[in-house]
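Okay, structure first, notes after.
Proteins get letters first, then strands, A, B, ... in listed order; numbering begins at 1 in each.
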2 protein chains.
Amino acid sequence: MKKTDPGEGGNERRELILMTALGLFTSRGYFNTSVHDIQKEVGVSIGSIYHHFKSKEAIAKALYDNLTGNMAEAMAEIMAEYRTAHDRCRAVVAYLFNLTESSPAAMQYMLYAKHREFMPDEKPVCSSRPFELMKEMVSEGIARGELREYPPYIAATSIFGGPIRMVYLRLDGVLDDPLPAILDQVWECAWRSVGR
Amino acid sequence: MKKTDPGEGGNERRELILMTALGLFTSRGYFNTSVHDIQKEVGVSIGSIYHHFKSKEAIAKALYDNLTGNMAEAMAEIMAEYRTAHDRCRAVVAYLFNLTESSPAAMQYMLYAKHREFMPDEKPVCSSRPFELMKEMVSEGIARGELREYPPYIAATSIFGGPIRMVYLRLDGVLDDPLPAILDQVWECAWRSVGR
DNA sequence: GTCTATACTCAGATAGAC
DNA sequence: GTCTATCTGAGTATAGAC
């Protein structure tokens, strides 16, 4: 199973396939992208694609695991670096906004794709690791009296719902300004909803 | 063009096709639903489907127009019935929560489906009529000094972002409680984010 | 208006030489 | 590991009888 090793290794072709697929999946959608499309854009043969991945679905899955893995890692780092719910949550929003600008495709793939449609046995995005960590930060904040007392899922949704919606708008091309430019204002509103 | 009349008329088969398609599109996804699937579930022949609709995409489009039309109507009624931004926005959230419980498929189809993937020349959902009306309520609220001064899209996103996210969670099956049961708490948080 | 049968296209995936 | 060629099935849509 050396070839599925997520590390750096020698396999730049595998990486190239993944990155190309990400671009196509997000711009045209998963179902409007054929394996032939990927093959053509990467500039290799179909056989090569199928050598690296068992199926089209496997490409989607690998992509999803990579991206949510990276994001969960970032969340964990934030939890380690900051201590208060205020600082942690703000850092998360800043991270989401920056990622949206630097890797819109990655963000879109994680947030927007209806993974259930092509990865039937995957849990919904909002139950994935990164989102779980976000809820955890909020729970701790409530326990410490830093946030108002609400059921954690309500508090988490209230604080992150606005910012996440902002990301959707930006990805949809509705906003002209980059998100980091409005971070302060958005965060003010988000924090006011449940902060003490 | 009598047959495309959206009124009541004689065409219950057309309606039946639409409702069946809605169920299938939302449970399996648009691309995982073939016209044969619809045909079988409705219990009519393929020819009949194609007599009523030019193509599969046309079914999706008719559905989308119907549903967003209904919702825009509801928003307009709310604007007529209430005068303050506070009462209007709260009524909108209550409406969204109720609709999610009474017609989850309709809600899911409007919010969750990536319409761009199968209706290439449609604007993103967030630019559709209902969402425009929501932004309008907020803009007026700011003008009247009822809401804090933020760019309207930020204020609108802050106030509706949490509640809408709640709808997503509920549709994803993550929440056990029906949304109307938590309306008060969710609304408190939403309003606090930008209300004065 | 509704049906059956079928044409046509293209997807995902495999075989087997190099 | 990479390639070309090909299989197989499914999906959209149409033709034409009733």
Any side-chain heavy atom of E136(A) sitting closer than 4.5 Å to one from M79(A)?
yes
From the set dG1(C), dT2(D), dC3(C), return the single nucleotide nearest to any side-chain atom of R13(A).
dT2(D)
Does a sphere of radius 6.0 Å around CZ in R129(A) hold more than 12 heavy atoms from other residues, nucleotides or ligands, not counting ones at 6.0 Å or beyond?
no
Can you tell me how far P of dT2(C) sits from CG of N11(B), to the nearest Å?
7 Å
Just by distance, no angles: are the side chains of E188(A) and Y150(B) close enough, under 3.5 Å, to form a donor-acceptor pair?
yes
Once you round to the nearest 0.5 Å, how far does SG of C126(B) lie from CD of E132(B)?
9.0 Å
Rounding to a whole Å, what distance do you find between F53(B):CZ and dT2(C):P?
12 Å
Among the nucleotides dC3(D), dC3(C), dT2(C), whichever has the atom closest to the side chain of H52(B) is dT2(C)
Using whole Å, report how far CZ of F118(B) lies from C1' of dG11(D).
17 Å
Check this for me: does any side-chain nitrogen of one of E140(B) and R88(B) sit under 4.0 Å from a carboxylate oxygen of the other?
yes
Rounded to whole Å, the NE2-P distance (H51(B) to dA13(D)) equals 17 Å
Roughly how many Å is it from CD in Q39(A) to P in dT2(D), rounded to a whole number?
13 Å
Nucleotide-resolved protein contact map, nucleotides 11-18 of chain C, B/S/- at heavy-atom distance under 4.0 Å
SBBB----
Evaluate the side-chain proximity of Y168(A) to M107(A): yes if any heavy-atom separation is below 4.5 Å, no if none is.
no
